[in-house]
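The block underneath contains the structure these notes are about, expressed in structure tokens.
All of these numbers come straight from a predicted model, not from anything done at the bench.
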Amino acid sequence: MSTETEAAGAEVGAPPPAGWEEARARVYAVGLSAALPVVARPLADTDGQTLAERLTTRTALPAFPTSSVDGWAVRGPGPWQVVGRVLAGHTAPPLADDGTTVEIATGAMVPAGTSAILRIEESTRAADGRVAGTPRPQPEWREPGEEAHLGEELLPAGTPVDPSVIGLAASCGHDTLRVRRAPRAALLVFGDELLTSGAPGAGRVRDALGPSVPAWLRRYGCQVRAGDVVGPVADTLPAHVAALRGALGNADLVCTTGGTMHGPVDHLHPTLEALGADYVVNTVAVRPGFPMLLARLVDGDGRVRFVAGLPGNPQSAVVALVSLVVPLLAGLTGRPMPVLPQVTLAEPVPGRGDHTHLALARWDRVAGTAHPVRHVGSAMLRGLAGSDGFAVIRPGTSGAVGDRVPFVPLPLIPGERS
């Protein structure tokens with residue numbers, strides 16, 4: 001079956017489940033060891049990808065003295081005779097004589113010989129056309145190298161590329177960036193009991209993961225195309241083997257939903273065995289989401305691909321995503337291991353014995369507090385839809401009001417930023 005119950009423990013004779021923090025570290029390390037190829041991309045095509053090498057300047061920033069106001073570039077004491085104008089994008093001839101000035105626009109190159117810039121709004125013009133006024137004591141221009149020197153490192157490798165990074169790269173002369181290729185992901189949905197449309201009934205449930213997991217993967221930086229989502233796959237071993245082999249042809253990561261236990265129609269484990277996969281993590285001591293796994297396959301040419309087995313219960317599947325898939329993707333793209341922010345519990349949260357408890361909560365970023373929500377069963381999505389992430393309650397503990405605990409944030413909606 002593909003909507004598993006939360007089993008009390010691992011299969012008899014199987015190795016003990018990995019601790020949650022250990023599992024995250026392990027999958028990050030294997031992802032980093034299989035980091036995706038480096039490609040050069042035009043700036044406009046790099047949003048959401050990851051710098052594969054440090055970003056350095058091709059010139060000083062600014063490259064020349066630049067006026068920060070509209071006004072008059074003057075030489076010596078006033079009043080000043082106007083001898084020209086300099087606009088942004090033009091090379092300014094030097095001011096050769098005291099008592100002369102040129103009108104200057106914001107962003108324009110400051111002429112050599114300039115002793116001050118007089119703001120336009122603080123100047124007057126005499127009947128003979130000369131300019132008068134008192135320049136401010138502080139220079140009204142930006143010096144070369146004020147923001148960065150030639151060749152200076154601006155950002156390290158592993159930095160996520162966003163619009164601000166793209167703008168910075170453009171400002172210092174880059175036309176392309178070398179980035180890690182975005183991971184390609186696929187999804188296989190297992191379970192004969194699943195409906196892909198309409199309302200559930202007559203013993204069949206609606207598939208909630210086929211539509212939602214690809215969206216989560218895209219939020220985490222993966223490329224997922226419509227043809228990369230397959231299912232429901234028939235509950236037979238040959239169907240599972242064929243589906244997984246096909247998905248692995250183009251994907252760096254294949255996520256599966258359901259079949260992570262060892263029931264009569266749970267075929268994921270024998271499918272992985274048939275394809276020669278090695279387990280990186282096989283079950284994690286976390287609730288909800290216990291029966292999750294990550295496996296690795298290596299081709300004869302050394303190409304590495306991964307299979308993430310997500311539980312069939314919807315909330316458990318998302319727990320598996322944040323526990324195993326997110327650290328893996330960080331490694332594959334060469335990013336640092338995600339650092340979890342700390343929050344203060346606004347309400348008590350129970351522990352889950354010797355398992356880590358990931359408790360759905362709303363995150364008040366202003367107050368720094370986490371507020372647990374209701375409707376948090378493994379098969380429920382209502383609580384997830386009203387949450388910002390998971391408060392982490394470590395094994396053997398419970399969360400009391402005022403406790404500081406790690407928080408696993410869910411990705412923000414496009415256009416929103418913390």
Side-chain angles (χ1 to χ4, degrees), residues 28-29 31-71 73-75 85-96 102 104-117 135-183 220-221 223 252 327 329-339 417-418:
Y28 174 75
L32 195 60
S33 69
L36 295 170
V38 176
V39 292
R41 293 277 188 262
L43 292 182
D45 296 337
T46 59
D47 188 25
Q49 298 188 37
T50 307
L51 291 180
E53 57 187 28
R54 63 184 191 144
L55 179 65
T56 60
T57 58
R58 297 186 62 195
T59 178
L61 286 181
F64 47 83
T66 305
S67 178
S68 54
V69 297
D70 292 331
V74 303
R75 174 167 176 163
R85 169 188 290 180
V86 57
L87 301 177
H90 295 270
T91 300
L95 282 173
V102 292
I104 192 167
T106 300
M109 181 178 180
V110 178
T114 297
S115 57
I117 293 180
R136 297 189 181 189
Q138 297 299 320
E140 297 276 28
W141 63 78
R142 298 173 61 215
E143 295 285 359
E146 184 177 306
E147 184 176 359
H149 300 293
L150 172 65
E152 183 177 345
E153 178 179 324
L154 302 176
L155 295 168
T159 299
V161 178
D162 63 13
S164 63
V165 174
I166 294 172
L168 178 62
S171 73
C172 58
H174 291 277
D175 301 315
T176 62
L177 287 175
R178 289 175 61 78
V179 295
R180 294 284 175 185
R181 175 176 61 74
Y220 287 117
Q223 294 180 348
D252 304 297
L329 294 175
L332 287 175
T333 55
R335 297 186 182 187
M337 176 69 147
V339 176
R417 190 168 185 172
S418 60

Quiz item: So, Ser68 side chain and Arg142 main chain: donor-acceptor pair closer than 3.5 Å or not?
Solution: no
Quiz prompt | Non-hydrogen side-chain atoms of Val165 and Leu155 separated by less than 4.5 Å | solution = yes
Quiz item: Quick one: does Thr333's side chain have a donor or acceptor within less than 3.5 Å of a partner on Leu36's backbone?
Solution: no
Quiz item: Between Leu51 and Val161, is any pair of side-chain heavy atoms under 4.5 Å apart?
Solution: yes
Quiz item: Does a side-chain heavy-atom distance below 4.5 Å link Arg180 with Val38?
Solution: yes
Quiz item: Is there side-chain contact between Arg181 and Asp252, with at least one heavy-atom pair below 4.5 Å?
Solution: yes
Quiz item: Between the side chain of Thr56 and the main-chain N/O of Gly151, is any donor-acceptor distance below 3.5 Å?
Solution: no
Practice problem: Compare all side-chain heavy atoms of Met109 with those of Thr91 and state whether any distance is below 4.5 angstrom. | Solution: yes
Quiz item: Counting only N and O atoms by type, is there a donor-acceptor contact under 3.5 Å from the side chain of Arg75 to the main-chain atoms of Leu95?
Solution: yes
Exercise. Of all the heavy-atom pairs spanning Pro65 and Trp141, show the shortest one and how long it is.
Key: CB-CD1, 4.3 Å
Quiz item: Any idea which heavy atoms bring Ala148 and Thr57 closest together, and the distance?
Solution: CB-CG2, 3.7 Å
Self-check item: Short side-chain donor-acceptor distance under 3.5 Å, Thr46 and Arg41
Solution: no
Exercise. Of all the heavy-atom pairs spanning Pro183 and Gly221, show the shortest one and how long it is.
Key: CD-O, 3.6 Å
Practice problem: State, with a plain yes or no, whether a side-chain heavy atom of Ile104 is found less than 4.5 Å away from one of Thr114. | Solution: no
Self-check item: Backbone N/O of His174 and side chain of Arg58: donor-acceptor pair under 3.5 Å
Solution: no
Quiz item: In Å, rounded to the nearest 0.5 Å, how long is the span from OG of Ser67 to CG of Leu87?
Solution: 11.0 Å
Practice problem: Give, for atom OG1 of Thr66 and atom CG of Leu61, the distance between the pair rounded to the nearest 0.5 Å. | Solution: 10.0 Å
Self-check item: Heavy-atom closest pair, residues Val86 and Ala108
Solution: O-CB, 3.8 Å
